[in-house]
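See below for the structure under consideration.
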Amino acid sequence: NAGVTQTPKFHILKIGQSMTLQCTQDMNHNYMYWYRQDPGMGLKLIYYSVGAGITDKGEVPNGYNVSRSTTEDFPLRLELAAPSQTSVYFCASSYSERDYGYTFGSGTRLTVV
Amino acid sequence: GDSVTQMEGPVTLSEEAFLTINCTYTATGYPSLFWYVQYPGEGLQLLLKATKADDKGSNKGFEATYRKETTSFHLEKGSVQVSDSAVYFCALYSSASKIIFGSGTRLSIRP
């Protein structure tokens, strides 16, 4: 039972480069999310999706893009990376947000230099 | 808007001590409330939850009661262990905000 799988676990990106963080879940959850966690801080919502083909912005969407072509996958795209995007990124999914909360992946630690 | 405020850490206790981590919230309507735990190098794991007023969530010896009158959801454990050392996040869900998290409280337990 894999749950939520994120790749890569670590990555160093140069300023101005682009990359995609991968997230896949095998629980058939409709709801999926991307958060970022900065040192000593809580989590900030970047984007979320309530089902395949539907995405919406969270609190801090600037500099990121997402797509949701299947129920299982929810990749996060960084275009023109900036040092301010250095963070740990967590993907999560949910069957019912109100009743069950989220299942999180183990995170991607991204450094932009 | 909705928000969660939890006590700042770090909190350091001796093994077998009593633990309280305070959490208060601001929300319209009737949010669901959660506590998550994050061990070093890992993602967050759901520890316990409560979906309506006066509900008590419990798991692994931890408890929290949803108090609407004081807008609180304090985390408690009667006797902590070294293995409880982690960062604890209080969170709430509302349809307007999705799940929003407090800033986290780092807990360290001395043997």
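Everything quoted here is computed from the prediction, not taken from an experiment. Reckoned from all heavy atoms, side chains included, excluding hydrogens, waters and symmetry mates. Order of the sequence lines sets the chain letters (A, B, ...), proteins ahead of strands, with each chain counted from 1.
With 3.5 Å as the limit, one finds a donor-acceptor pair spanning the side chains of B:Gln6 and B:Thr105. At a cut-off of 3.5 Å, with distance as the only test, a side-chain donor of A:Tyr64 or A:Arg36 sits close to an acceptor on the other residue.
Both the backbone and the side chain of A:Leu43 come within less than 4.5 Å of a heavy atom of chain B. Proximity to chain B is absent for every atom of A:Gln6, based on heavy atoms less than 4.5 angstrom apart. The parts of A:Tyr102 that come within reach of chain B are both its backbone and its side chain, each placing non-hydrogen atoms under 4.5 angstrom from that chain. Heavy atoms closer than 4.5 Å to chain A are found nowhere in B:Tyr39, neither backbone nor side chain. Using a 4.5 Å cut-off between heavy atoms, B:Lys98 contacts chain A through both its backbone and its side chain. If you measure heavy-atom distances from B:Gln45 to chain A, you find no contacts under 4.5 Å at all.
Salt bridge absent: B:Lys52 and B:Asp54 never bring a charged side-chain N and a carboxylate O closer than 4.0 Å. Under 4.0 Å is where a charged nitrogen must lie from a carboxylate oxygen, and between B:Asp84 and B:Lys77 at least one such pair does.
Interface remark: of the candidates B:Ala50, B:Pro31, B:Gly102, B:Ser32, B:Ser32 forms the most heavy-atom pairs closer than 4.5 Å to chain A.
With rounding to the nearest 0.5 angstrom, the CD atom of A:Glu79 is 7.5 Å from the OG1 atom of A:Thr20.
Looking at A:Ser49, its side chain does come within 3.5 Å of a backbone N or O of A:Ile54 through a donor-acceptor pair.
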